[in-house]
Amino acid sequence: MTRSRVFKTLIALVAASLMGLVAVPSQATVTPARTINESTVGMQMFMWNWKSLGNECRTNLGPAGVNWILVMPPQDSISGSAWWTHYQPVSYAIDSNLGTRAEFAAMVAKCNEAGVDVIADAVINHMAAGSYHFPNVPYTNTNFHYFSPEHNCQEDISDYSNVTNVQDCQLGGLVDLATEQPYVRGKIAAYLNDLLTLGVKGFRIDAAKHIPVVDLAAIKSQLTDPNVFIINEVIGGPPEPTTYYDIGALFSFDWSSAMKTAFGSYNGAPDLDVPNSQYNGMGTSNLEVTMVNNHDTERNGGSLTFADGKKYLMAMIYTLTEPFGVPMLYSGYAFSDFNAAPAYKNGYNVCNTGTGVKSSYIDGYMICTDRWTAVQGMIRWHKWVQGEAKVRHYSDKYAYAYGRGTKGFVVFNSASSNQSYAVRTGMKPGTYCDVVSGGKNPIKIVKGKRTCVGLTVTVDAGTRLKAKVAGMTAVAIASYSRR
Ligand code: ARE
Ligand code: CA
């Protein structure tokens, strides 16, 4: 090549790489994450195995408009029948009773094809209890705080007010990795990069509270995708949870408890004034993942759960109507035993039947909230009103109602019985179809006439929404649901 040709090629390469056309050599080729923010909807898919999840992405999650899912830790773990075995890694091989590496890769590909990004749960604070030798990583004694000369701790965490104790000691016997060591950081980064090559777009950092931010920053700096979306699990402090914003988002446990306060009992909706007073102390909107529950809180009383029926659905609907936060819904399974894993049929998860709240569910069968009419309806509503400010119009003993600009309006009735409302809105007068009872396509054509799938709601000439709202139920309308 002549000098000028080399130069031209270089210019072209630089231009191409700036435009994202050329993968940087010596790094794995990964597709950057679509942005995860307030306009997206996530769902935690607790204990869904890979082959079931790939199908669910194609048939329900993608069509329902779920943008991203949080999946179980995919690495090899201790054996046993309890769900929590997956939180005790024995190596970073992507292989567990949720599926093989090939099955995991196929799931990610299927989900991506359906428009659903995959966030993997990364258990990197510790390894399985009872051993300090993990030959398949390999890790040995000196890679753990138990034996580490500088961060030595040979006990379980006993003082949650002491950061050193929280970060260097063992979480309930789980052997604590010396994440300050370059070797350990390198092993963790290699594992996360391996997941990125399979199409994963981000991570939940399990027990992030127990890993110093500097250690996580050093690990993150070694990742091949700088746009990776990270959600840190930090339940209260110290350390101060918001210091983890340097790494990524946080799960909002405050949100879960606020939802329990507001909807955990009848007539509670006005309690929403508490989270609504500037979302007081709730953090930065696009860095807080607002969830009604996760797998821990549904087992420890920290939130509403599937067993709360209509109250649980109200909280989900509410979470999807608020401008604050990055909403994450949840799909787990009915259980009565803390340890129980779901029931699988021919190797697949099984959904409880139906498209909404039921008075009882079969133990071990999944609560497939992504298939629920109300959830699908509200996911569409959530996206439709993006960018529109919350305009609070009304609150009384049982009701809480507000608009999002002129694009949508919602009424929550937390009474145990029907209530009739006439609430002033910002909506254009007309007849509307409720999207809570009508789902994502609330209008259907019957004999050439536009008809509501669910409830019909009117907005009168004075912009008052008139509806009879059933007990512990919400009604939501949008400009697209005007009949
Ligand atoms: C299992 C057994 C234990 C046994 C252990 C080791 O149940 O009896 O000691 O194994 O043999 C999950 C289960 C655990 C399970 C573990 C490992 O929930 O029961 O232990 O897997 O198999 C703190 C942490 C937070 C953590 C919660 C549970 O800060 O990070 O405790 N949450 C994550 C996951 C869990 C998972 C793990 C971490 C471990 O979401 O599902 O455990 O990988 C206050 C404090 C919080 C504290 C909270 C609860 O709010 O501020 O920091 O959370 O109390 O204790
Ligand atoms: Ca630690």
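Numbers here are sequence positions counted from 1. Excluded from the calculations below are hydrogen atoms, water molecules and symmetry mates; all remaining heavy atoms, backbone and side chain alike, are included. Counting starts at 1 for both ligands and their atoms, following the listed order.
Remark: atom 44 (C) of ligand 1 lies closer than 4.0 Å to no protein heavy atom. The presence of a protein heavy atom under 4.0 Å from atom 40 (O) of ligand 1 is confirmed. Distance check for atom 55 (O) of ligand 1: every protein heavy atom is found at 4.0 Å or beyond. Atom 21 (O) of ligand 1 is approached by the protein to below 4.0 angstrom, counting heavy atoms only. Within a 4.0 Å radius of atom 3 (C) of ligand 1, the protein contributes no non-hydrogen atoms.
Of the listed options Gln88, His210, Glu233, His126, Gln88 places a heavy atom closest to atom 17 (C) of ligand 1. In this comparison of Leu171, Asp121, Asn294, the heavy atom closest to atom 31 (O) of ligand 1 sits on Leu171. The nearest non-hydrogen atom to atom 46 (C) of ligand 1, considering only Gln170, Arg204, His295, Lys209, comes from Lys209.
Side-chain contact of Ser39 with Asn37: a donor-acceptor pair under 3.5 Å is present, judged by distance alone. With hydrogens and angles left out, the side-chain atoms of Glu150 and Ser148 include no donor and acceptor closer than 3.5 Å. Side-chain atoms of Gln181 and Asn143 include a donor-acceptor pair closer than 3.5 Å.
For an aromatic pair to be called close, the ring centres must be under 6.0 Å apart, and Phe46 with Trp83 satisfies this. Two rings, from Tyr244 and Phe251, have their centers 6.0 Å or more apart.
The nearest heavy-atom contact from the protein to atom 7 (O) of ligand 1 is Trp84 CE2, 3.9 Å. Protein heavy atom in closest approach to atom 23 (C) of ligand 1: Tyr160 OH, 3.8 Å. Scanning the protein for heavy atoms near atom 34 (C) of ligand 1, the closest one is Asp206 OD1, 3.1 Å. Nearest protein heavy-atom neighbour of atom 28 (C) of ligand 1: Asp296 OD2, 4.1 Å.
Distances below 4.0 Å separate heavy atoms of Ala207 from the following atoms of ligand 1: 30 (O). In summary, the atoms of ligand 1 found under 4.0 Å from a heavy atom of Ala129, numbered by their order in the structure, are 6 (C), 11 (O).
Distances between N or O atoms of Ile235 and those of ligand 1 include at least one value under 3.5 Å. Geometrically, ligand 1 and Gly172 share a nitrogen or oxygen pair separated by less than 3.5 Å.
Using a 4.0 Å cut-off between charged nitrogen and carboxylate oxygen, Lys390 and Glu322 count as a salt-bridge pair.
The residue from Val435, Leu313, Thr319 that alone fulfils the side chain to side chain contact (heavy atoms under 4.5 Å, CB included) condition with Met378 is Val435.
The aromatic rings of Tyr402 and Tyr318 sit perpendicular to each other, their planes meeting at more than 60°, with 30° as the lower class boundary.
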Could you pull out every donor-acceptor pair under 3.5 Å between side chains of residues 126-141 and any protein atom, sequence neighbours left out?
{"residue": "His126", "atom": "NE2", "partner": "Tyr87", "partner atom": "O", "Å": "3.2"}
{"residue": "Ser131", "atom": "OG", "partner": "His133", "partner atom": "N", "Å": "3.0"}
{"residue": "Ser131", "atom": "OG", "partner": "His133", "partner atom": "O", "Å": "3.2"}
{"residue": "Tyr132", "atom": "OH", "partner": "Gln170", "partner atom": "OE1", "Å": "2.8"}
{"residue": "His133", "atom": "ND1", "partner": "Thr140", "partner atom": "OG1", "Å": "3.2"}
{"residue": "His133", "atom": "NE2", "partner": "Asn141", "partner atom": "OD1", "Å": "2.7"}
{"residue": "Tyr139", "atom": "OH", "partner": "Tyr92", "partner atom": "OH", "Å": "2.9"}

Assess whether side-chain hydrogen bond (donor to acceptor under 3.5 Å, both in side chains) is satisfied between Asn293 and Lys260, documenting all intermediate values. CA-CA 9 Å; Asn293 68 289; Lys260 187 175 175 181; over 6 Å; no
Dump the intermediate steps for salt bridge (charged side-chain N to carboxylate O under 4.0 Å, His left out) on Glu113 and Arg58, then the final yes or no. CA-CA 8 Å; Glu113 232 169 75; Arg58 209 187 47 223; over 6 Å; no
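Interatomic distance, His151 NE2 to Asp168 CG, rounded to the nearest 0.5 Å: 5.5 Å.
The shortest heavy-atom distance from Trp83 to ligand 1 is under 4.0 Å.
Residue Val234 does not touch ligand 1, judged by heavy-atom distances below 4.0 Å.
Tally of protein N, O or S atoms closer to the Ca ion (ligand 2) than 3.0 Å: 5.
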